[in-house]
There are 2 protein chains.
Amino acid sequence: MIFEKLKDVNESDLAELLTDFQKIMKRESFSKKELLHKEGTVCNHLFLIEKGIARSFYYKDGKDITAHFAIENGTITAIDSFIQRKNSRYNIELLEDSEIISISHQDMHDLLQEKPQYEKYIRIFLEQIYIDLAERIEDLLFHTAKERYDKLVESTPNLLQRVNLKHIASYIGITQETLSRIRTQV
Amino acid sequence: MIFEKLKDVNESDLAELLTDFQKIMKRESFSKKELLHKEGTVCNHLFLIEKGIARSFYYKDGKDITAHFAIENGTITAIDSFIQRKNSRYNIELLEDSEIISISHQDMHDLLQEKPQYEKYIRIFLEQIYIDLAERIEDLLFHTAKERYDKLVESTPNLLQRVNLKHIASYIGITQETLSRIRTQV
DNA sequence: AAATCTATTTGACAAATGTCAAATAATGAA
DNA sequence: TTCATTATTTGACATTTGTCAAATAGATTT
(Lines give C-alpha, C1' and ligand atoms only; values in the text may rest on other atoms or scores of the structure.)
Protein backbone atom coordinates (compact mmCIF):
# COMPACT_ATOMS: atom_id res chain seq x y z
CA MET A 1 0.00 0.00 0.00
CA ILE A 2 1.55 3.21 -1.16
CA PHE A 3 -0.58 5.83 0.54
CA GLU A 4 0.15 4.52 3.96
CA LYS A 5 -1.73 7.31 5.69
CA LEU A 6 -4.94 6.52 3.85
CA LYS A 7 -5.10 2.89 4.82
CA ASP A 8 -8.26 3.26 6.87
CA VAL A 9 -10.41 4.88 4.22
CA ASN A 10 -13.16 3.18 2.25
CA GLU A 11 -11.53 0.68 -0.07
CA SER A 12 -13.64 1.08 -3.19
CA ASP A 13 -13.25 4.85 -3.28
CA LEU A 14 -9.60 4.43 -2.69
CA ALA A 15 -9.20 2.07 -5.63
CA GLU A 16 -10.41 4.73 -8.01
CA LEU A 17 -8.18 7.33 -6.45
CA LEU A 18 -5.21 5.03 -6.76
CA THR A 19 -5.91 4.44 -10.43
CA ASP A 20 -6.00 8.16 -11.07
CA PHE A 21 -2.92 8.82 -9.01
CA GLN A 22 -1.06 6.04 -10.80
CA LYS A 23 -1.36 8.10 -13.94
CA ILE A 24 0.51 11.02 -12.46
CA MET A 25 3.13 8.96 -10.66
CA LYS A 26 6.60 8.68 -12.06
CA ARG A 27 8.87 5.89 -10.89
CA GLU A 28 12.61 6.41 -10.90
CA SER A 29 15.76 4.85 -9.47
CA PHE A 30 18.24 6.97 -7.57
CA SER A 31 21.59 6.27 -6.00
CA LYS A 32 22.61 6.78 -2.43
CA LYS A 33 23.51 10.41 -1.68
CA GLU A 34 21.49 11.82 -4.55
CA LEU A 35 19.27 14.78 -3.73
CA LEU A 36 15.57 14.63 -4.52
CA HIS A 37 15.28 18.30 -3.65
CA LYS A 38 17.73 21.11 -3.14
CA GLU A 39 17.32 24.00 -0.72
CA GLY A 40 16.60 27.45 -2.11
CA THR A 41 14.20 26.14 -4.73
CA VAL A 42 10.49 25.47 -4.69
CA CYS A 43 9.72 21.83 -4.08
CA ASN A 44 7.38 20.67 -6.80
CA HIS A 45 7.09 17.02 -5.90
CA LEU A 46 5.73 14.72 -3.30
CA PHE A 47 7.90 11.62 -3.08
CA LEU A 48 6.83 8.14 -2.11
CA ILE A 49 9.51 5.72 -1.06
CA GLU A 50 8.99 2.40 -2.77
CA LYS A 51 12.35 1.05 -1.72
CA GLY A 52 15.14 2.74 0.16
CA ILE A 53 15.34 5.57 2.64
CA ALA A 54 15.38 9.33 2.45
CA ARG A 55 15.75 12.19 4.88
CA SER A 56 14.97 15.87 4.72
CA PHE A 57 17.50 18.13 6.36
CA TYR A 58 18.63 21.69 6.61
CA TYR A 59 21.45 23.71 7.99
CA LYS A 60 21.13 25.50 11.28
CA ASP A 61 24.21 27.50 12.27
CA GLY A 62 26.21 25.42 9.84
CA LYS A 63 25.00 22.18 11.39
CA ASP A 64 23.20 19.55 9.36
CA ILE A 65 19.83 18.87 10.98
CA THR A 66 17.54 16.02 9.96
CA ALA A 67 13.88 17.00 10.00
CA HIS A 68 12.27 13.81 8.78
CA PHE A 69 13.03 10.26 7.70
CA ALA A 70 11.01 8.28 5.20
CA ILE A 71 11.39 4.57 4.60
CA GLU A 72 9.46 2.10 2.47
CA ASN A 73 5.81 3.15 2.00
CA GLY A 74 6.48 6.53 3.55
CA THR A 75 6.19 9.93 1.94
CA ILE A 76 8.55 12.86 1.98
CA THR A 77 8.66 16.36 0.55
CA ALA A 78 9.86 19.80 1.55
CA ILE A 79 6.44 20.27 3.02
CA ASP A 80 6.54 24.02 3.71
CA SER A 81 7.64 24.68 0.17
CA PHE A 82 5.28 22.18 -1.41
CA ILE A 83 2.33 23.74 0.39
CA GLN A 84 3.27 27.38 0.32
CA ARG A 85 5.04 27.40 -3.07
CA LYS A 86 8.00 29.27 -1.69
CA ASN A 87 11.68 28.46 -1.63
CA SER A 88 12.59 25.76 0.80
CA ARG A 89 15.22 25.62 3.48
CA TYR A 90 15.24 21.85 3.20
CA ASN A 91 17.19 19.35 1.19
CA ILE A 92 16.00 15.83 0.58
CA GLU A 93 18.72 13.24 0.36
CA LEU A 94 18.74 9.50 -0.23
CA LEU A 95 20.60 7.41 2.28
CA GLU A 96 20.48 4.24 0.18
CA ASP A 97 20.01 3.38 -3.47
CA SER A 98 16.26 3.84 -3.81
CA GLU A 99 13.18 3.40 -5.93
CA ILE A 100 11.17 6.59 -5.76
CA ILE A 101 7.75 7.54 -7.00
CA SER A 102 7.19 11.23 -7.52
CA ILE A 103 3.99 13.19 -7.97
CA SER A 104 4.25 16.72 -9.24
CA HIS A 105 2.42 19.52 -7.47
CA GLN A 106 0.98 20.71 -10.76
CA ASP A 107 -0.35 17.28 -11.72
CA MET A 108 -1.83 16.84 -8.30
CA HIS A 109 -3.37 20.28 -8.45
CA ASP A 110 -4.86 19.53 -11.87
CA LEU A 111 -6.20 16.20 -10.70
CA LEU A 112 -7.84 17.85 -7.70
CA GLN A 113 -9.39 20.46 -9.97
CA GLU A 114 -10.76 17.77 -12.18
CA LYS A 115 -11.90 15.47 -9.40
CA PRO A 116 -12.53 17.56 -6.29
CA GLN A 117 -13.90 14.50 -4.56
CA TYR A 118 -10.27 13.58 -3.93
CA GLU A 119 -9.78 16.65 -1.76
CA LYS A 120 -11.21 14.57 1.01
CA TYR A 121 -8.34 12.12 0.85
CA ILE A 122 -5.77 14.86 0.81
CA ARG A 123 -7.51 16.24 3.84
CA ILE A 124 -7.32 12.87 5.56
CA PHE A 125 -3.68 12.56 4.62
CA LEU A 126 -2.98 15.96 6.13
CA GLU A 127 -4.91 15.08 9.26
CA GLN A 128 -2.73 12.03 9.73
CA ILE A 129 0.56 13.81 9.25
CA TYR A 130 -0.67 16.58 11.52
CA ILE A 131 -1.28 14.07 14.28
CA ASP A 132 2.19 12.62 13.73
CA LEU A 133 3.71 16.05 14.05
CA ALA A 134 1.72 16.85 17.18
CA GLU A 135 3.05 13.67 18.75
CA ARG A 136 6.55 14.70 17.86
CA ILE A 137 6.08 17.97 19.70
CA GLU A 138 4.90 16.19 22.81
CA ASP A 139 7.88 13.97 22.49
CA LEU A 140 10.32 16.85 22.32
CA LEU A 141 8.70 18.68 25.18
CA PHE A 142 8.14 15.92 27.61
CA HIS A 143 10.54 13.13 27.07
CA THR A 144 14.21 12.99 27.82
CA ALA A 145 16.70 12.37 25.06
CA LYS A 146 16.90 8.72 26.11
CA GLU A 147 13.14 8.31 26.00
CA ARG A 148 12.99 9.89 22.57
CA TYR A 149 15.69 7.58 21.35
CA ASP A 150 14.01 4.48 22.74
CA LYS A 151 10.72 5.50 21.21
CA LEU A 152 12.29 5.99 17.81
CA VAL A 153 14.01 2.62 17.99
CA GLU A 154 10.72 1.01 18.93
CA SER A 155 8.72 2.67 16.17
CA THR A 156 11.31 2.13 13.44
CA PRO A 157 13.54 -0.68 14.63
CA ASN A 158 15.80 -1.02 11.63
CA LEU A 159 16.36 2.70 11.17
CA LEU A 160 19.50 2.47 13.29
CA GLN A 161 21.06 -0.09 11.03
CA ARG A 162 20.37 2.05 8.01
CA VAL A 163 21.16 5.56 9.14
CA ASN A 164 24.18 7.33 10.60
CA LEU A 165 24.04 8.10 14.26
CA LYS A 166 24.47 11.80 13.64
CA HIS A 167 21.26 11.92 11.64
CA ILE A 168 19.35 10.14 14.37
CA ALA A 169 20.85 12.50 16.92
CA SER A 170 19.86 15.66 15.10
CA TYR A 171 16.41 14.23 14.43
CA ILE A 172 15.75 13.81 18.13
CA GLY A 173 17.31 17.15 18.91
CA ILE A 174 20.58 16.20 20.59
CA THR A 175 24.24 15.99 19.64
CA GLN A 176 25.88 12.88 18.35
CA GLU A 177 28.05 12.66 21.45
CA THR A 178 25.08 12.73 23.77
CA LEU A 179 23.36 10.04 21.75
CA SER A 180 26.44 7.91 21.83
CA ARG A 181 26.52 8.19 25.61
CA ILE A 182 22.84 7.44 25.93
CA ARG A 183 23.25 4.24 23.98
CA THR A 184 25.94 2.86 26.22
CA GLN A 185 23.89 3.46 29.36
CA VAL A 186 22.08 0.40 30.64
CA MET B 1 -12.52 37.47 9.81
CA ILE B 2 -13.31 34.28 11.62
CA PHE B 3 -11.46 31.68 9.61
CA GLU B 4 -8.12 33.35 10.03
CA LYS B 5 -6.23 30.56 8.30
CA LEU B 6 -8.29 30.91 5.15
CA LYS B 7 -7.67 34.58 4.62
CA ASP B 8 -5.76 34.11 1.39
CA VAL B 9 -8.37 32.10 -0.47
CA ASN B 10 -10.62 33.39 -3.21
CA GLU B 11 -13.08 35.80 -1.67
CA SER B 12 -16.26 34.93 -3.55
CA ASP B 13 -15.94 31.21 -2.84
CA LEU B 14 -15.22 32.00 0.72
CA ALA B 15 -18.35 34.11 1.09
CA GLU B 16 -20.52 31.15 0.24
CA LEU B 17 -18.62 28.91 2.58
CA LEU B 18 -18.99 31.41 5.36
CA THR B 19 -22.73 31.61 4.83
CA ASP B 20 -23.02 27.85 5.08
CA PHE B 21 -20.76 27.64 8.08
CA GLN B 22 -22.71 30.41 9.81
CA LYS B 23 -25.66 28.04 9.84
CA ILE B 24 -23.82 25.43 11.87
CA MET B 25 -22.10 27.87 14.22
CA LYS B 26 -23.37 28.30 17.72
CA ARG B 27 -22.37 31.39 19.70
CA GLU B 28 -22.15 31.16 23.46
CA SER B 29 -20.72 33.10 26.39
CA PHE B 30 -18.50 31.41 28.92
CA SER B 31 -16.83 32.53 32.11
CA LYS B 32 -13.19 32.42 32.96
CA LYS B 33 -12.04 28.98 34.11
CA GLU B 34 -14.87 27.14 32.37
CA LEU B 35 -13.88 24.09 30.37
CA LEU B 36 -14.85 23.85 26.71
CA HIS B 37 -13.64 20.28 26.68
CA LYS B 38 -12.73 17.75 29.33
CA GLU B 39 -10.06 15.07 29.01
CA GLY B 40 -11.15 11.47 28.64
CA THR B 41 -14.00 12.32 26.32
CA VAL B 42 -14.21 12.66 22.56
CA CYS B 43 -14.00 16.26 21.46
CA ASN B 44 -16.93 16.96 19.18
CA HIS B 45 -16.41 20.64 18.56
CA LEU B 46 -14.12 23.05 16.87
CA PHE B 47 -14.09 26.32 18.75
CA LEU B 48 -13.53 29.77 17.33
CA ILE B 49 -12.59 32.49 19.77
CA GLU B 50 -14.64 35.57 19.07
CA LYS B 51 -13.57 37.30 22.24
CA GLY B 52 -11.37 36.03 25.04
CA ILE B 53 -8.63 33.48 25.33
CA ALA B 54 -8.44 29.73 25.68
CA ARG B 55 -5.74 27.16 26.15
CA SER B 56 -5.56 23.43 25.68
CA PHE B 57 -3.57 21.55 28.28
CA TYR B 58 -2.95 18.15 29.69
CA TYR B 59 -1.22 16.52 32.59
CA LYS B 60 2.22 15.03 32.25
CA ASP B 61 3.55 13.41 35.43
CA GLY B 62 1.02 15.44 37.37
CA LYS B 63 2.18 18.69 35.83
CA ASP B 64 -0.18 20.94 33.90
CA ILE B 65 1.20 21.47 30.40
CA THR B 66 -0.22 24.00 27.95
CA ALA B 67 -0.26 22.72 24.38
CA HIS B 68 -1.87 25.63 22.60
CA PHE B 69 -3.25 29.11 23.11
CA ALA B 70 -6.03 30.67 21.09
CA ILE B 71 -6.97 34.32 21.21
CA GLU B 72 -9.45 36.41 19.21
CA ASN B 73 -9.97 35.01 15.68
CA GLY B 74 -8.08 31.88 16.52
CA THR B 75 -9.37 28.31 16.62
CA ILE B 76 -8.93 25.61 19.21
CA THR B 77 -10.00 22.02 19.69
CA ALA B 78 -8.60 18.80 21.11
CA ILE B 79 -7.26 18.18 17.68
CA ASP B 80 -6.20 14.55 18.03
CA SER B 81 -9.61 13.65 19.39
CA PHE B 82 -11.52 15.80 16.92
CA ILE B 83 -9.72 14.15 14.02
CA GLN B 84 -9.41 10.60 15.25
CA ARG B 85 -12.70 10.44 17.19
CA LYS B 86 -11.01 8.97 20.22
CA ASN B 87 -10.83 10.08 23.82
CA SER B 88 -8.63 13.06 24.34
CA ARG B 89 -5.83 13.68 26.80
CA TYR B 90 -6.48 17.39 26.54
CA ASN B 91 -8.63 19.84 28.39
CA ILE B 92 -9.63 23.18 26.95
CA GLU B 93 -9.97 25.95 29.45
CA LEU B 94 -10.94 29.60 29.20
CA LEU B 95 -8.54 32.09 30.73
CA GLU B 96 -10.95 35.03 30.47
CA ASP B 97 -14.68 35.49 30.16
CA SER B 98 -15.16 34.68 26.48
CA GLU B 99 -17.49 34.65 23.51
CA ILE B 100 -17.09 31.34 21.75
CA ILE B 101 -18.40 30.00 18.48
CA SER B 102 -18.59 26.25 18.26
CA ILE B 103 -18.98 23.98 15.26
CA SER B 104 -19.90 20.37 15.88
CA HIS B 105 -17.96 17.62 14.20
CA GLN B 106 -21.17 16.03 13.05
CA ASP B 107 -22.53 19.23 11.50
CA MET B 108 -19.24 19.85 9.78
CA HIS B 109 -19.14 16.28 8.54
CA ASP B 110 -22.69 16.60 7.19
CA LEU B 111 -21.90 19.89 5.52
CA LEU B 112 -18.85 18.38 3.86
CA GLN B 113 -20.93 15.45 2.65
CA GLU B 114 -23.46 17.81 1.20
CA LYS B 115 -20.96 20.24 -0.28
CA PRO B 116 -17.72 18.39 -0.91
CA GLN B 117 -16.31 21.46 -2.62
CA TYR B 118 -15.61 22.74 0.89
CA GLU B 119 -13.16 19.93 1.50
CA LYS B 120 -10.64 22.10 -0.26
CA TYR B 121 -10.90 24.78 2.41
CA ILE B 122 -10.56 22.29 5.19
CA ARG B 123 -7.51 21.02 3.41
CA ILE B 124 -6.09 24.55 3.21
CA PHE B 125 -6.87 25.08 6.86
CA LEU B 126 -5.02 21.89 7.75
CA GLU B 127 -2.09 22.87 5.57
CA GLN B 128 -1.79 26.13 7.45
CA ILE B 129 -1.94 24.63 10.89
CA TYR B 130 0.53 21.97 9.78
CA ILE B 131 3.01 24.65 8.80
CA ASP B 132 2.49 26.35 12.15
CA LEU B 133 3.21 23.11 13.93
CA ALA B 134 6.31 22.41 11.85
CA GLU B 135 7.63 25.84 12.82
CA ARG B 136 7.00 25.06 16.43
CA ILE B 137 9.11 21.91 16.15
CA GLU B 138 12.00 23.84 14.65
CA ASP B 139 11.60 26.30 17.42
CA LEU B 140 11.80 23.68 20.12
CA LEU B 141 14.73 21.94 18.55
CA PHE B 142 16.88 24.85 17.62
CA HIS B 143 16.18 27.81 19.75
CA THR B 144 17.09 28.41 23.34
CA ALA B 145 14.39 29.00 25.90
CA LYS B 146 15.07 32.73 25.70
CA GLU B 147 14.74 32.78 21.93
CA ARG B 148 11.47 30.85 22.14
CA TYR B 149 10.16 33.28 24.69
CA ASP B 150 11.15 36.34 22.67
CA LYS B 151 9.55 34.89 19.58
CA LEU B 152 6.30 34.21 21.40
CA VAL B 153 6.23 37.72 22.82
CA GLU B 154 6.83 39.12 19.36
CA SER B 155 4.16 37.04 17.67
CA THR B 156 1.53 37.54 20.37
CA PRO B 157 2.55 40.64 22.28
CA ASN B 158 -0.33 40.90 24.70
CA LEU B 159 -0.40 37.21 25.59
CA LEU B 160 1.84 37.91 28.56
CA GLN B 161 -0.58 40.37 30.05
CA ARG B 162 -3.41 37.92 29.72
CA VAL B 163 -1.88 34.60 30.74
CA ASN B 164 -0.10 33.22 33.79
CA LEU B 165 3.60 32.81 33.48
CA LYS B 166 3.38 29.12 34.26
CA HIS B 167 1.26 28.53 31.20
CA ILE B 168 3.68 30.40 28.99
CA ALA B 169 6.53 28.43 30.52
CA SER B 170 4.99 25.04 29.91
CA TYR B 171 4.00 26.09 26.41
CA ILE B 172 7.61 26.79 25.49
CA GLY B 173 8.79 23.70 27.29
CA ILE B 174 10.54 25.09 30.34
CA THR B 175 9.80 25.55 34.01
CA GLN B 176 8.26 28.63 35.47
CA GLU B 177 11.43 29.37 37.41
CA THR B 178 13.59 29.28 34.32
CA LEU B 179 11.20 31.58 32.50
CA SER B 180 11.21 33.97 35.40
CA ARG B 181 15.01 34.10 35.28
CA ILE B 182 15.05 34.52 31.52
CA ARG B 183 12.79 37.52 31.78
CA THR B 184 14.99 39.38 34.22
CA GLN B 185 18.08 38.93 32.06
CA VAL B 186 18.91 41.93 29.89
C1' DA C 1 46.99 -6.27 4.24
C1' DA C 2 48.00 -1.36 4.50
C1' DA C 3 46.47 3.06 3.98
C1' DT C 4 42.82 6.17 4.08
C1' DC C 5 38.59 7.86 5.07
C1' DT C 6 34.41 7.93 7.86
C1' DA C 7 31.74 6.84 11.99
C1' DT C 8 31.46 6.33 16.76
C1' DT C 9 33.01 6.74 21.39
C1' DT C 10 35.33 8.86 25.25
C1' DG C 11 37.27 12.55 28.32
C1' DA C 12 37.24 16.97 30.48
C1' DC C 13 34.87 20.69 31.23
C1' DA C 14 31.16 24.45 30.34
C1' DA C 15 26.51 26.00 29.81
C1' DA C 16 21.63 25.52 30.19
C1' DT C 17 17.90 24.11 32.61
C1' DG C 18 15.59 21.60 36.44
C1' DT C 19 14.34 20.87 41.44
C1' DC C 20 12.94 22.16 45.82
C1' DA C 21 12.36 25.47 49.29
C1' DA C 22 11.58 29.96 50.60
C1' DA C 23 10.79 34.91 49.97
C1' DT C 24 8.40 38.54 47.87
C1' DA C 25 4.80 40.65 45.04
C1' DA C 26 0.31 40.99 43.22
C1' DT C 27 -4.52 40.09 43.34
C1' DG C 28 -9.07 39.33 45.02
C1' DA C 29 -12.32 38.67 48.90
C1' DA C 30 -14.13 40.00 53.29
C1' DT D 1 -7.82 48.33 54.24
C1' DT D 2 -6.61 43.85 55.80
C1' DC D 3 -6.30 39.10 55.14
C1' DA D 4 -5.84 35.25 52.39
C1' DT D 5 -4.78 33.37 48.21
C1' DT D 6 -2.28 33.11 44.07
C1' DA D 7 1.59 34.47 41.13
C1' DT D 8 6.29 35.46 40.53
C1' DT D 9 11.02 35.67 41.83
C1' DT D 10 15.19 34.19 44.08
C1' DG D 11 18.73 31.02 46.16
C1' DA D 12 21.35 26.84 46.38
C1' DC D 13 22.41 23.02 44.24
C1' DA D 14 21.68 18.82 40.97
C1' DT D 15 21.16 17.05 36.46
C1' DT D 16 21.19 17.07 31.63
C1' DT D 17 23.13 18.20 27.56
C1' DG D 18 26.61 20.71 24.79
C1' DT D 19 31.46 21.72 23.14
C1' DC D 20 35.83 20.65 21.63
C1' DA D 21 39.57 17.60 21.21
C1' DA D 22 41.26 13.19 20.85
C1' DA D 23 41.02 8.16 20.64
C1' DT D 24 39.13 4.12 18.78
C1' DA D 25 36.47 1.36 15.59
C1' DG D 26 34.74 0.30 11.18
C1' DA D 27 34.52 0.59 6.22
C1' DT D 28 36.51 1.35 1.71
C1' DT D 29 40.16 1.72 -1.63
C1' DT D 30 44.51 0.52 -3.41
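A, B, ... follow the sequence lines: proteins, then strands. Residue 1 opens every chain.
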Hits for salt bridge (Lys or Arg N to Asp or Glu O under 4.0 Å) against D139(A), two or more places apart or cross-chain, chain-then-number order -> K151(A)
Who passes salt bridge (Lys or Arg N to Asp or Glu O under 4.0 Å) against D132(A), sequence neighbours left out?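 Salt bridge (Lys or Arg N to Asp or Glu O under 4.0 Å) list for D132(A), sorted by chain: K5(A).
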Determine, for R123(A) against E119(A), whether the closest basic-nitrogen to carboxylate-oxygen distance falls under 4.0 angstrom.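 A salt bridge is absent here (no side-chain N lies under 4.0 Å from a carboxylate O).
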Check this for me: does any side-chain nitrogen of one of R85(B) and D80(B) sit under 4.0 Å from a carboxylate oxygen of the other?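 The answer is no: the pair does not qualify as a salt bridge.
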Which residue pairs satisfy the ring pair (Phe, Tyr, Trp, His ring centres under 6.0 Å) criterion with at least one member in residues 79-107 of chain A, sequence neighbours excluded? Y58(A)-Y90(A), F82(A)-H105(A)
Under 4.0 Å, heavy atom to any atom of DNA chain C: which of residues 158-171 of chain B qualify?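 Within this stretch, nothing sits under 4.0 Å of the strand.
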With sequence neighbours left out, which residue pairs that include part of residues 155-165 of chain A fulfil the salt bridge (Lys or Arg N to Asp or Glu O under 4.0 Å) condition?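 Counting only pairs at least two positions apart or across chains, the salt bridge (Lys or Arg N to Asp or Glu O under 4.0 Å) contacts touching residues 155-165 of chain A are E72(A)-R162(A), E96(A)-R162(A).
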Show every salt bridge (Lys or Arg N to Asp or Glu O under 4.0 Å) that has at least one partner inside residues 17-26 of chain B, sequence neighbours left out. D20(B)-K23(B), D20(B)-K115(B)
Under the side chain to side chain contact (heavy atoms under 4.5 Å, CB included) rule, collect the residues that match up with [X], sequence neighbours excluded.
X: E39(A); value: Y59(A), N91(A)
X: I172(A); value: R148(A), Y149(A), L152(A), I174(A), L179(A)
X: Q161(A); value: N158(A)

In a check of side-chain hydrogen bond (donor to acceptor under 3.5 Å, both in side chains) between E93(B) and each of R55(B), K32(B), K38(B), H37(B), which one passes?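 Per the side-chain hydrogen bond (donor to acceptor under 3.5 Å, both in side chains) rule, the option paired with E93(B) is R55(B), out of R55(B), K32(B), K38(B), H37(B).
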Extract, from 5' to 3' on DNA chain D, the first and final nucleotides lying under 4.0 angstrom from some heavy atom of chain B. dA7(D) to dA12(D)
Interatomic distance where CZ belongs to R183(B) and C1' belongs to dT24(C) [whole Å]: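 These atoms are roughly 15 Å apart.
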Estimated bend of the helix from dA1(C)-dT30(D) to dA30(C)-dT1(D) (axis per five terminal pairs, rounded to 10 degrees):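 The end-segment axes of the helix from dA1(C)-dT30(D) to dA30(C)-dT1(D) are tilted 40° relative to each other.
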Using a cut-off of under 3.5 Å, enumerate the N/O to N/O pairs linking the protein to nucleotides 15-18 of chain C.
residue: dT17(C); atom: OP1; partner: A145(B); partner atom: N; Å: 3.2
residue: dG18(C); atom: OP2; partner: T175(B); partner atom: N; Å: 3.1
residue: dG18(C); atom: OP2; partner: T175(B); partner atom: OG1; Å: 3.3
residue: dG18(C); atom: OP2; partner: T178(B); partner atom: OG1; Å: 2.7

Is F47(A) reachable from I83(A) through a run of hydrophobic residues whose side-chain heavy atoms are each under 4.5 Å from the next?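 They do not share one cluster, since no chain of ILVMFWY contacts under 4.5 Å joins I83(A) to F47(A).
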